[in-house]
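Report on one structure; see the data block that follows.
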Amino acid sequence: MSTAILTGPPAPGSSLDGDLRSLGFDVRIASGTEETGALLADVPAGERVALVDPRFVGHLHALRLALTDPRFPAAAVPGALTAQAEARPALTRALDGASATPGTPAADLPGALADTLDADGVAVHRPQLGTLVATVPADAEARHAARAAVEAVDDEAVRLRSAVKAHDGFFTTFFISPYSRHIARWCARRGLTPNQVTTASLLTALVAAGCAATGERAGYVAAGVLLLVSFVLDCTDGQLARYALKYSTMGAWLDATFDRAKEYAFYAGLALGAARNGDDVWALALGAMVLMTCRHVVDFSFNEANAESTGAAAKTSLALSSKLDGVGWTVWARRMIILPIGERWAMIAVLTAVTSPRIVFWALIAGCAFGACYTTAGRVLRSLTRKGKRSDRAARALFDLTDSGPLAEVVAGAARRLSFPDPAPVAAFLGAALVVGFALGTEPGDVTVVAAAAAYAVFAGVAVTRPLKGALDWLVPPLFRAAEYTTVLVLAARSDSPGALPAAFGLVAAVAYHHYDTVYRIRGGTGAPPAWLVRVTGGHEGRTLLVTVLAALLAGRGDDFTLALTALAVAVALVVLVESIRFWVSAGAPAVHDEGETA
């Protein structure tokens, strides 16, 4: 139970007391500033507290947005202020200061305290209300006008509209959200949580993957239908979180990781179904996963590198995009051609139902490759015209995304002493091209691939010698991802070991989970995984070198290479999953709601 303190007696006929109780607050009434301070001191330190002006007039949803959102330490709208545990000390100091100022009426407290908290360095979130009303009328005439304004706007309709992402894909906006928002409201009214809906989406997708694995036409049709149902639920969980303001750390983690688990499980189901009909498409399935993951890493790296861009830098990078946004049809066209998750899943579902897994994968690879080239080219051009330097925070985030292990650390330390120039993207590209090129151009088991992987480790260390603040340094993490994943794919595909590609699929899936986990920790503001985890899993360069050694030793020895890849996949998955679950279920991470990939 949270506590709301009215800083004075409510006006006759006011519904404020009932509104606050409906939002889960225990309401207490103060008669002045000193009594407000005394009531505040009685509230347990770990509990949320709200201070509300008794003259407040506004929509219930305006109060909900200001007082119940778990993501912000402090939040306010005119006439109402809330503080969670971490902001309580600052609120107490601010209230003590107001109490020491003669003549400060209690009714003016919430707005004055919000300004004081801002001045004290506590960021006070002020939600965008749009047509919602939240005001403190000064007299009877203003109160009458405010009540009329409240009556003129249906806050439930506003709440339902705001449950949908402001920027979404064409398919989701016009074919999913018009009804999924109502499903979200239905879930909220029955007490269902976003995490429960997310889990239902995962289970539905896994059943769809199982249907695809049958290899039968009826199974493919059922798989396509169930995949679309899973996507509807996937949209619903986020809409439910926004509708009910039920954001959580666990929810952000589940939403982010389950999306990938669903998609990649479906790829595996399609590959198993194709194998039942004598068509081996595991290389295409793994290729689609590699392409998709690398594309996402491009998105993450670019966004982190430019998250703090302001002023001229931001204007330069967004100028062309802003101009195109003024031409209505280009907005939808640009969102569709990059094949976001909504369009992608719709395409996969339809093609699964009416064609074959091989066609599904080729269409997926072609569409995603085009989208990746389109977005990456635009970002490169924007980066080259970007002005200003990146912050230390951005450079740190990019380094964390590289997943550089002990070998790269040793090389980077030596390179710093030798005063190498800052060649980050060039070194990353050369290293990636070297190891992938040798994997493609030599016979399976050739020891020269090991030498190329060792050289890749050296280039990887040189790439992170200096802070990643260059114009194109955001390309370094995706280049490393492409090098590692593609090397595993090529070595497995070219080996004579039966089942090597499915084993490689499992290994890349485990490593990709680790990389997605890193992204969402950074996005949540909690930093990268602990250094010991990166060292234990070898870093990208260590794993790449290990796989080439295994291929050189075992590629011609029956299924030994497959067993080695499987063991490595299980080991990596166990280590990263155990640490990841420990972190995300702990109370140390803040409540977040990441919008993730455009749906």
Side-chain angles (χ1 to χ4, degrees), residues 1-33 35-85 87-88 91 95 106-107 109-111 113-114 125-127 129 132-137 143 146-147 149-151 153-160 162-163 185-193 240-248 591:
M1 175 71 74
S2 301
T3 299
I5 301 173
L6 291 175
T7 58
S14 171
S15 64
L16 190 56
D17 184 289
D19 287 345
L20 291 170
R21 292 184 189 280
S22 72
L23 295 177
F25 286 94
D26 177 25
V27 180
R28 303 177 188 180
I29 301 175
S31 59
T33 305
E35 187 174 358
T36 300
L39 290 175
L40 177 63
D42 288 340
V43 178
E47 190 175 294
R48 175 195 287 271
V49 67
L51 301 181
V52 183
D53 190 312
R55 301 173 298 171
F56 175 87
V57 175
H59 287 101
L60 176 62
H61 192 50
L63 281 176
R64 182 182 290 108
L65 289 171
L67 304 184
T68 67
D69 196 324
R71 296 173 296 173
F72 308 103
V77 293
L81 168 69
T82 186
Q84 297 200 70
R88 286 281 301 278
L91 177 61
L95 187 57
L109 275 178
L113 292 176
H125 172 68
R126 290 176 169 82
L129 298 180
L132 296 176
V133 176
T135 184
V136 181
R143 173 173 288 273
R147 285 178 172 170
V150 170
E151 293 295 327
V153 176
D154 183 352
D155 72 335
E156 177 60 22
V158 174
R159 184 184 180 191
L160 196 58
S162 62
R185 179 168 62 182
W186 183 90
C187 293
R189 291 176 175 176
R190 282 152 184 80
L192 297 176
T193 67
L240 175 58
R242 286 182 286 273
Y243 180 85
L245 296 182
K246 290 185 176 180
Y247 303 116
S248 68

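In what follows, every heavy atom counts, from backbone to side chain, and hydrogens, waters and symmetry copies are set aside. Worth saying up front: this structure is predicted, and the values here are computed from it rather than measured.
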Ion pair D26/R28, N-O distance below 4.0 Å: yes
Residue pair L95 / T33, side-chain heavy-atom distance below 4.5 Å: yes
Taking all non-hydrogen atoms of both residues, which atom of A80 and which atom of P110 are closest, and how far apart? N-CB, 3.9 Å
Does H59 reach the main-chain N or O of D154 with its side chain, forming a donor-acceptor pair under 3.5 Å? no
When rounded to the nearest 0.5 Å, the distance separating OG1 of T82 from NE2 of H125 is 11.5 Å
Nearest 0.5 Å, what's the CG-CG distance between L60 and L67? 10.0 Å
Straight-line distance of L40 CG to L113 CG, nearest 0.5 Å: 9.5 Å
Shortest non-hydrogen contact between A66 and A76, atoms and distance: CB-C, 4.2 Å
Looking at residues at least two apart in the chain, or sitting in another chain, which of them share a side-chain hydrogen bond (donor to acceptor under 3.5 Å, both in side chains) with D155? none
Counting only N and O atoms by type, is there a donor-acceptor contact under 3.5 Å from the side chain of R185 to the main-chain atoms of Y243? no
Across all chains, not counting sequence neighbours, the side-chain hydrogen bond (donor to acceptor under 3.5 Å, both in side chains) partners of R147 are none
Closest non-hydrogen atoms of A74 and A87, given as atom of the first, atom of the second and distance, are CB-CB, 4.2 Å
Carefully, step by step, assess L132 and V77 under the rule side chain to side chain contact (heavy atoms under 4.5 Å, CB included). CA-CA 11 Å; L132 296 176; V77 293; over 6 Å; no
Side chain to side chain contact (heavy atoms under 4.5 Å, CB included), paired with F56, selected from T7, T135, L63: L63
Measure from the side-chain N and O atoms of T36 to the backbone N and O of G32, and report whether any donor-acceptor pair falls under 3.5 Å. yes
Considering non-hydrogen atoms only, spot the tightest contact between A62 and V133 and give its length. CB-O, 3.6 Å
Nearest 0.5 Å please: distance from the CZ atom of F25 over to the CG atom of D17. 12.5 Å
Looking only at heavy atoms, the pair that brings L81 and A114 closest together is CD2-N, 4.0 Å
Validation row: R88, V43 side chains within 4.5 angstrom (heavy atoms): yes
Can you tell me how far apart SG (C187) and NZ (K246) are? Round to the nearest 0.5 Å. 10.0 Å
Residues forming a side-chain hydrogen bond (donor to acceptor under 3.5 Å, both in side chains) with R64, sequence neighbours excluded: H61
Pairwise distance CG(L39) to CD1(I29) - rounded to 0.5 angstrom: 10.0 Å
For T3 and E47, test the side chains for any donor-to-acceptor distance below 3.5 angstrom and give the result as yes or no. yes
Donor-acceptor contact present, side-chain Q84 to main-chain P70, <3.5 Å: yes
